Amino acid sequence: MFYGSVVFRFIGTLVRWIVFFISNVILNKKILSFKEVWNGPKSNDSINFASYEFSNILLGMFSLFVFILLTLYVF
């Protein structure tokens, strides 16, 4: 197992949760827990689950990359 993917997935899920939290507060919808965002939508299809995890990993990689670039640009 590649442990970097777990870190990237955590960061991606955290970013996704923050976006969902802000949008749900503004739109007055049910606020999702971090665990609900981590586990993803309820589905028996393994391809949907794998694509959801992969999108979180990519989002985490992109977010970390942007954060590092902004940090290097500021300092």
Side-chain angles (χ1 to χ4, degrees):
M1 174 182 216
F2 180 58
Y3 293 107
S5 65
V6 175
V7 173
F8 292 142
R9 182 176 175 209
F10 176 78
I11 294 170
T13 305
L14 184 64
V15 169
R16 186 179 290 224
W17 179 77
I18 290 170
V19 169
F20 282 163
F21 181 80
I22 292 171
S23 66
N24 289 347
V25 166
I26 291 172
L27 297 175
N28 231 2
K29 291 185 179 179
K30 178 186 176 257
I31 296 174
L32 299 174
S33 68
F34 184 82
K35 184 177 180 181
E36 290 174 329
V37 177
W38 178 268
N39 291 335
K42 304 283 188 234
S43 176
N44 292 334
D45 191 12
S46 61
I47 294 175
N48 286 341
F49 183 70
S51 64
Y52 183 79
E53 282 188 2
F54 187 66
S55 68
N56 281 342
I57 292 169
L58 286 179
L59 182 62
M61 288 173 62
F62 179 73
S63 301
L64 191 60
F65 180 71
V66 167
F67 177 75
I68 290 171
L69 281 179
L70 288 175
T71 303
L72 291 175
Y73 180 71
V74 170
F75 297 110

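Everything numeric here is computed off the predicted structure, so don't read it as measured data.
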Where [X] and [Y] come nearest, the two heavy atoms and their spacing:
X	Y	value
F8	L64	CE2-CD2, 3.6 Å
W38	F10	CZ3-CA, 3.6 Å
I11	S63	CG2-CB, 4.3 Å

Using residues 13-26 as the side-chain source, report each donor-acceptor pair under 3.5 Å to any protein atom, sequence neighbours left out, with the distance given to one decimal.
residue: T13; atom: OG1; partner: R9; partner atom: O; Å: 2.7
residue: T13; atom: OG1; partner: N56; partner atom: ND2; Å: 3.3
residue: R16; atom: NE; partner: N56; partner atom: OD1; Å: 3.0
residue: R16; atom: NH2; partner: S55; partner atom: OG; Å: 3.2
residue: R16; atom: NH2; partner: N56; partner atom: OD1; Å: 3.4
residue: W17; atom: NE1; partner: L32; partner atom: O; Å: 2.9
residue: S23; atom: OG; partner: V19; partner atom: O; Å: 3.1
residue: S23; atom: OG; partner: F20; partner atom: O; Å: 3.1
residue: N24; atom: ND2; partner: F20; partner atom: O; Å: 3.3
residue: N24; atom: ND2; partner: K30; partner atom: O; Å: 3.0

Handout entry: Residues in side-chain contact (heavy atoms from CB on, under 4.5 Å) contact with N39, at least two apart in sequence or another chain
Key =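 Only K35 meet the side-chain contact (heavy atoms from CB on, under 4.5 Å) criterion with N39.
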
Handout entry: More than 12 heavy atoms of other groups within 6.0 Å of I47 CD1
Key =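 12 or below, so no.
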
Is it true that [X] and [Y] fall in one hydrophobic cluster, defined by side-chain heavy atoms closer than 4.5 Å?
X	Y	answer
V37	I31	yes
L59	Y3	no
F65	L70	no
F34	Y52	yes

